[in-house]
Number of protein chains: 2
Amino acid sequence: MGETITAERADAVFGALADATRRDILSRAMGGDLGISELAEHYPMSFAAVQKHVAVLEGAGLVRKRADGRRRVVTTDMDGLRNASVVLDHYEELWRGRIDRMHELLDEDGLPSPDTDTPDQEDRT
Amino acid sequence: MGETITAERADAVFGALADATRRDILSRAMGGDLGISELAEHYPMSFAAVQKHVAVLEGAGLVRKRADGRRRVVTTDMDGLRNASVVLDHYEELWRGRIDRMHELLDEDGLPSPDTDTPDQEDRT
DNA sequence: CATACGTACAACCATATGGTTGTACGTATC
DNA sequence: GATACGTACAACCATATGGTTGTACGTATG
């Protein structure tokens, strides 16, 4: 349950998802088990480049590689995805709270204190 | 309503959130309206560096700058946050579906087709 | 066993990123 | 009006990132 969100984890997850090719690779990996060269066919770049992207996803714990003969099959890392989900939720809730509070102010039209102090779980060395 | 998710938007949002300092700046911006130099006090880096981080957040549409005398107050961009929320949800649902399907397979123990074809909204030039 | 295939990995390159310092300029303040 | 403050922006630097090609090596296949 209460998975703690570390800054490093968040860095890795957001960083991994900050590239369209990697997001697409992740999507495909969820669809079925594909070898790296099979993945590489879909992109206008070399096999080695795709290999690197997979490595980044792997580093972020979103994906794993399983050996199957001479192929290296890319599979989703269930625990990793679940955990990443927690990371995304954390930030989404953060600003969703802010948005909701905005609505209160707009709807009820007269709440005074803009005392929106959010202590923040992560970071803060 | 049905905000379309573009690859560029996703790149910008994930990219902006892939840095701990920027995530913290965003948190603080949600807490109250702060000038850039006020924000900068909290980080072990120059004013100019913080300025750049704010610019990245601004570019991702998560934050805005409002003039207040000689200060530039950093405020959250409500529409941007809402839209970013949609982006995060998109990917979260993607793999949450995958996780749920996993559970089905484990629980009911005998579903055959791993026919998990997820067409994917964005990208796919 | 020779060959083709899928992969790993190193070297290399161009550009992006995250930081710095320095200068300039509008806006308060004395 | 001089001075201090908050900001903008350019120039610069080191490292990270995203791509390339080339080589090597295990694993199928003829």
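Numbered from 1 within each chain, the chains take letters A, B, ... in sequence-line order. Fair warning: this is a prediction, and the values are worked out from it, not measured in the lab.
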Extract from the structure each pairing of a protein N or O with an N or O of nucleotides 2-4 of chain D at less than 3.5 Å, listing the distance.
none

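Base pairing in DNA chain D gives the following stems of 3 or more Watson-Crick or G-U pairs, range against range and under 3.5 Å: C:1-30 with D:1-30.
With sequence neighbours excluded, no residue forms a salt bridge (Lys or Arg N to Asp or Glu O under 4.0 Å) with A/E93. Among residues two or more places apart in sequence or in another chain, the side chain to side chain donor-acceptor pair (under 3.5 Å) test is passed with B/D89 by none. With sequence neighbours excluded, the residues satisfying side-chain contact (heavy atoms from CB on, under 4.5 Å) with B/Q51 are B/I36, B/F47, B/A48. Annotation: side-chain contact (heavy atoms from CB on, under 4.5 Å) contacts of B/A55 (sequence neighbours excluded): none.
Among A/V56, A/L81, A/D77, the one residue that satisfies the side-chain contact (heavy atoms from CB on, under 4.5 Å) test with A/L62 is A/L81.
Nearest-nucleotide positions on DNA chain C place A/G35 closer to the 5' end than the other of B/A18 and A/G35.
For the atom pair CG (A/L88) and CG (B/L88), the distance works out to 5.0 Å, reported to the nearest 0.5 Å.
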Distance-only check: which donor-acceptor pairs under 3.5 Å involve side-chain atoms of residues 10-17 of chain B, not counting sequence neighbours?
residue : atom : partner : partner atom : Å
B/D11   : OD1  : A/R23   : NH1          : 2.9
B/D11   : OD1  : A/R23   : NH2          : 2.8

Donor-acceptor contacts, no H, no angles, side chain residues 67-75 of chain A, under 3.5 Å, sequence neighbours left out:
residue : atom : partner : partner atom : Å
A/D68   : OD2  : A/R71   : NH2          : 3.3
A/R71   : NH1  : A/E38   : OE1          : 2.4
A/R71   : NH1  : A/E38   : OE2          : 3.2

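First and last contacts of DNA chain C with chain B, using any nucleotide atom under 4.0 Å from a protein heavy atom and ordered 5' to 3', fall at C/dG18 to C/dA28.
The ring pair (Phe, Tyr, Trp, His ring centres under 6.0 Å) pairs that include a residue from residues 56-77 of chain B number zero, where partners must be two or more places apart or lie in different chains. Contacts classified as salt bridge (Lys or Arg N to Asp or Glu O under 4.0 Å) and involving residues 51-62 of chain A (residues at least two apart or in different chains) are given here: A/E58-A/K65.
Within residues 45-55 of chain A, the residues having any heavy atom closer than 4.0 Å to DNA chain D are, in order of number, A/M45, A/S46, A/A48, A/A49, A/K52, A/H53.
Residue B/G80 comes nearest to B/R9 through the heavy atom pair O-NH2, 2.9 Å, listed as atom of the first residue, atom of the second, then distance.
Between A/D100 and A/R96 there is no salt bridge, since no side-chain nitrogen of the basic residue lies less than 4.0 Å from a carboxylate oxygen of the acidic one.
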